[in-house]
Amino acid sequence: MIIEHLFQLKQRRTSIRAELVGGLTTFLAMSYILAVNPELLGSAGMDKRAVFTATVLAAIVGCLLMGLIANFPVALAPGMGLNAFFTYTVVQEWHIPWQTALAGVFVAGLLFILLTLSKLRDKLINLIPSALKYAVSAGIGLFIAFSGLQTSGIIVANKSNAVALGNLHSPTVLLAIFGIIIGVILVTANVTGGIFWGMFITAVVGMIFQIIPLPTGIISGVPSVQPLFGQALTHITDINSFQMIIVILTFFIIGLFDTSGTLVGVATEAGMVNHETGEVKGVGKALFSGALATTIGAIFGTSPTTAYVESTSGVAVGARTGLSSVVAAILFAIAAFFSPVLTVITSAVTASALIIVGILMLSNVQYIDWTKFEIAVPAFFTMIMMLLTYSISEGLAVGFIFYPITMTVKGRWREVNALMWAMMVIFILYFAFVA
C-alpha cells in the first residue's frame, strides 16, 4: 500500500485509523489560530478576511511539508507570540508598516532555510543557553496572556497604577470572563480541542445575549488573499534600518528555538528520540519544512509559521507519522470555507485562547535553575521585561545583555560563547541608538 510505504506505518507501529484520529485531534487543538490570527494581525491594519485565508494557506503548506518531507506528526501554522510581536511591537510600537514587517518575516525565513541546510544548525541552537530559551518561551506566554486580558477589557490602563481591573459590569468583559472560565474547565478536564470548544461556547453565549452580532452566513467562498499576497517581496527594499535588523533577528531566533523545541518535545512524546545519543531522527528535514513554511507564509501574508505544541494531543491518541499532519492540512483546507463565522470571533471570545496558551507556555519556567542567581537574573529580566515593556524583542534583548554579565561576575565567563557576546553588543547598540 502506497500510504503504508510512504509514511512507514508498520515501522512506527501505527495505523491509518490512529493517524486519522491523531490528525483530527491536533487540528481541533490548534484550530483557534484561524480566529485569533486574523484578530491579532487585523490590529496591525491588515485585512482580516485576507489574513484568515493566508493563515489557512500557511497552515496547509506547513502541515503538508512536515508530513510529506519530514514524516513528522507535527502540525504547523502561524505561531502565537510571534503574531503578537508582529502586531504590538513591530507595527504599533515601532510604527513599521505591516508590508515591511512581512518582508522581515520573509528574510527571517530565508535565513532559517540557509541554516537548516548547513551544518551550523544544531550548533547554533545549542549556542543559546537552555535557560534563556525557556525564559523566552515563558515570557511570550506572559505577554500573550496579558494581551488577552487587555484587549478583552478585563485589564485597562490606569494613570496611578499603570494598569487596573476593567469594568466588571460591561457585557463584553463579563463574556470574556465567562469564556476564560469555560476554557479553563475544558482544558483542565482534558477535553479534546478544549480551547476551540471554549471559544465556540463563548461565541454562542455572546450571540444568545446579543453581545455579539449574528454572522451573515456559515459557508462561503474562500476570501481573497490578494490584499496581502506578495507584499513581503515587493517591500524587501524597505529593510534598510538597524531596527529592521532587530526585527529579523527576533523573528529568526524565536522561530528557530520555538520550532526546534517543539519538534524535540513532540518527538519525545512519540518515542522518536534515540535515548543513547539523544538524536531525533529526521529533525533536519522537519526544521527545513518549518523554515520553508515561514517563507511561503510570508508571501501569502502572515506572521512566522511554526510547529505547534498542540501536536502532542494528536500524539497522545496515537499519531506517529506525517500522515496525521497531512490529515490536519486537509482539515485546514475544509475550514477555509467557513470564513463568515469569523465575524462572531471578537476579542472577548479570543481572550480565553490567548490566556490558556500563555499559561501552557509559562510552564517552561520549571526547567530554569532558579537556585543559581547568575541564571535566574537573565531569565527573570527576559520574562518580566517582555511583559512590562509590552515588547517581546526588548525583553529578549535585556535577558541577552544580562546573561554574559552575571556569568562573568560568577566566574563562569568561559561558558559564554561568542554568539552570546555578539548578541549582547548588538542589543546594547539597539538600546543606545534605536529604542
Side-chain angles (χ1 to χ4, degrees), residues 27 30-66 75-88 90-92 96-110 112-113 144 219-236 238 247-248 251 254-255 258-259 289-308 325 328-343 345 350 353-354:
F27 171 77
M30 63 184 289
S31 57
Y32 62 84
I33 192 61
L34 293 177
V36 177
N37 206 45
E39 184 73 19
L40 281 176
L41 297 190
S43 298
M46 300 170 69
D47 185 294
K48 288 186 180 181
R49 287 172 57 80
V51 172
F52 170 79
T53 303
T55 303
V56 169
L57 291 173
I60 292 172
V61 169
C63 291
L64 287 177
L65 289 171
M66 190 63 74
L76 289 86
M80 293 293 291
L82 286 168
N83 51 9
F85 170 67
F86 183 104
T87 296
Y88 299 125
V90 179
V91 177
Q92 291 188 359
I96 293 172
W98 60 262
Q99 296 91 337
T100 306
L102 283 177
V105 175
F106 178 76
V107 173
L110 290 180
F112 200 175
I113 290 175
I144 63 176
I219 299 176
S220 74
V222 180
S224 173
V225 76
Q226 190 273 332
L228 310 178
F229 186 80
Q231 294 294 329
L233 300 178
T234 57
H235 286 79
I236 285 182
D238 294 339
V247 169
I248 293 169
F251 280 139
I254 295 177
D258 185 30
T259 299
S289 299
L292 191 55
T294 287
T295 308
I296 295 174
I299 296 174
F300 287 139
T302 185
S303 50
T305 302
T306 187
Y308 265 65
S325 301
I330 294 171
L331 292 172
F332 272 113
I334 294 172
F337 296 94
F338 292 85
S339 62
V341 179
L342 280 182
T343 58
I345 307 300
T350 58
L354 293 171

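The first residue of the sequence shown is numbered 1, and numbering continues consecutively from there.
The closest side-chain donor-acceptor pair between S220 and S339 falls under 3.5 angstrom.
Nearest heavy-atom pair across G297 and T305 is CA-OG1, 4.4 Å. Across all non-hydrogen atoms, the minimal contact from A103 to A232 is CB-O, 3.3 Å. A pairwise comparison of heavy atoms in P38 and I33 identifies CD-O, 3.7 Å as the closest pair. Heavy-atom minimum distance, A54 versus L228: CB-CD1, 4.4 Å.
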Evaluate the side-chain contact (heavy atoms from CB on, under 4.5 Å) criterion for residues L102 and M46: first the C-alpha distance (whole Å), next the side-chain angles of each, then the deciding distance (0.1 Å), finally the verdict. CA-CA 11 Å; L102 283 177; M46 300 170 69; 4.2 Å; yes
List the steps, then state whether side-chain contact (heavy atoms from CB on, under 4.5 Å) holds for D238 with Q99. CA-CA 9 Å; D238 294 339; Q99 296 91 337; 5.8 Å; no
Evaluate T350 against Y32 for side-chain contact (heavy atoms from CB on, under 4.5 Å), listing each step before the verdict. CA-CA 8 Å; T350 58; Y32 62 84; over 6 Å; no
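At least one donor-acceptor pair closer than 3.5 Å links the side chain of N83 to the backbone N or O of G81. At least one donor-acceptor pair under 3.5 Å links the side chain of T87 to the backbone N or O of L40. Using modelled atom types, one side-chain atom of Y308 and one backbone atom of P78 make a donor-acceptor pair closer than 3.5 Å. For the pair S303 (side chain) and L82 (backbone), a donor-acceptor distance under 3.5 Å is absent. Of the possible donor and acceptor atoms, one in the side chain of T234 sits under 3.5 Å from a partner among the backbone N and O of Q231.
Between F332 and F27, the two ring planes are perpendicular [angle over 60°; tilted spans 30° to 60°].
Residue pairs meeting the side-chain hydrogen bond (donor to acceptor under 3.5 Å, both in side chains) criterion with at least one partner in residues 289-299, sequence neighbours excluded, do not occur; the list is empty.
Distance check: F229 CZ to T53 OG1 gives 12.5 Å after rounding to the nearest 0.5 Å.
Ring centroids of F251 and F112 are separated by 6.0 Å or more, keeping the two rings apart.
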